[in-house]
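Before any comments, here is the structure.
The shown structure was predicted, so the numbers you read here are calculated from the model rather than taken from an experiment.
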Amino acid sequence: MKKNLVIASLIGVLTIVLGAFGAHALQETLSVNELKSFETAVRYQMYHVIVLLFVNSFSGFVLKDKNTISYLFFAGILFFSGSIYVITLGVNPKSIWFVTPLGGLFFILGWLKMGISYFKKE
């Protein structure tokens, strides 16, 4: 749990850095659509960092559930947001087209696992 909180906090720092980088350094070099994609990646990353902090601080989940949810969200951030970052910065989308939806799937599975954990708790 502590490890997950530390990782989530570091990803939170990275989110702020990337958001500032996108807003300032990339504003002049990216098209409007590319900048919107980059902002989407930053936004989804931050949403999931906030949820990770909650999940790992919430005493209502057992450690195994906290870890499963965390790993799914970590993978979602890496694959979803990470793929959008590298595409925006010049990697050919056709070479990694499957990575972004895979990240979305990890997000979905994390949210489902969280819902199931709540349901089991009741």
### Task
Under the salt bridge (Lys or Arg N to Asp or Glu O under 4.0 Å) rule, collect the residues that match up with Lys113, sequence neighbours excluded.
Asp65
#### Entry: Hydrophobic cluster of Val62, others only, ordered by chain and residue number, side-chain cut-off 4.5 Å
none
### Task
Sequence neighbours left out, what passes side-chain hydrogen bond (donor to acceptor under 3.5 Å, both in side chains) with Trp97? Give chain and number order.
none
### Query
Mind checking what makes side-chain hydrogen bond (donor to acceptor under 3.5 Å, both in side chains) contact with Lys2, not counting sequence neighbours?
none
### Query
Phe21: which other cluster members, linking ILVMFWY side chains closer than 4.5 Å, directly or transitively?
Leu14, Leu18, Leu26, Leu30, Leu35, Phe38, Val42, Tyr85, Leu89
### Message
Tell me whether Phe74 shares a hydrophobic cluster with Leu109, the cluster being built from Ile, Leu, Val, Met, Phe, Trp, Tyr side chains joined at under 4.5 Å.
### Response
no
## Note on the structure
salt bridge (Lys or Arg N to Asp or Glu O under 4.0 Å) pairs touching residues 32-53, sequence neighbours excluded, are none
### Pair listing, side-chain hydrogen bond (donor to acceptor under 3.5 Å, both in side chains) test, anchored in residues 14-25, at least two apart
Thr15-Gln45
### Message
Against Phe73, only a single residue in Trp111, Tyr47, Tyr44 fulfils ring-ring contact (aromatic ring centres under 6.0 Å, His included); can you say which?
### Response
Trp111
I'd like a table of donor-acceptor pairs (distance under 3.5 Å, sequence neighbours excluded) in which one partner is a side-chain atom from residues 50-58, with atom names and distances.
{"from": "Asn56", "atom 1": "OD1", "to": "Asn4", "atom 2": "ND2", "distance (Å)": "3.1"}
{"from": "Asn56", "atom 1": "OD1", "to": "Ser70", "atom 2": "OG", "distance (Å)": "3.4"}
{"from": "Asn56", "atom 1": "ND2", "to": "Leu52", "atom 2": "O", "distance (Å)": "2.9"}
{"from": "Asn56", "atom 1": "ND2", "to": "Ser70", "atom 2": "OG", "distance (Å)": "2.8"}
{"from": "Ser57", "atom 1": "OG", "to": "Leu53", "atom 2": "O", "distance (Å)": "2.8"}

Atom pairs and distances, side-chain donor-acceptor, residues 77-84, under 3.5 Å, sequence neighbours left out:
{"from": "Ser81", "atom 1": "OG", "to": "Ala41", "atom 2": "O", "distance (Å)": "2.8"}
{"from": "Ser83", "atom 1": "OG", "to": "Phe79", "atom 2": "O", "distance (Å)": "2.6"}
{"from": "Ser83", "atom 1": "OG", "to": "Phe80", "atom 2": "O", "distance (Å)": "2.9"}
{"from": "Ser83", "atom 1": "OG", "to": "Thr100", "atom 2": "OG1", "distance (Å)": "2.5"}

### Task
Kindly state each residue pair satisfying salt bridge (Lys or Arg N to Asp or Glu O under 4.0 Å) with at least one member in residues 12-26, sequence neighbours excluded.
none
### Query
Atom NE2 in His48, atom CD1 in Ile69: separation rounded to 0.5 Å?
11.5 Å
### Task
Could you note down all residue pairs passing salt bridge (Lys or Arg N to Asp or Glu O under 4.0 Å) where residues 90-99 supplies at least one of them, sequence neighbours left out?
none
### Query
Transitive ILVMFWY cluster of Leu10 at side-chain heavy atoms under 4.5 Å: who else is in it?
Val6
### Query
So, do Ile87 and Ser37 sit near enough that their side-chain heavy atoms are less than 4.5 Å apart?
no
### Message
Could you measure the distance from the CG atom of Leu63 to the CG atom of Asn67? Nearest 0.5 Å is fine.
### Response
4.5 Å
### Query
With a 4.5 Å limit on heavy-atom distance, are the side chains of Lys120 and Phe61 in contact?
no
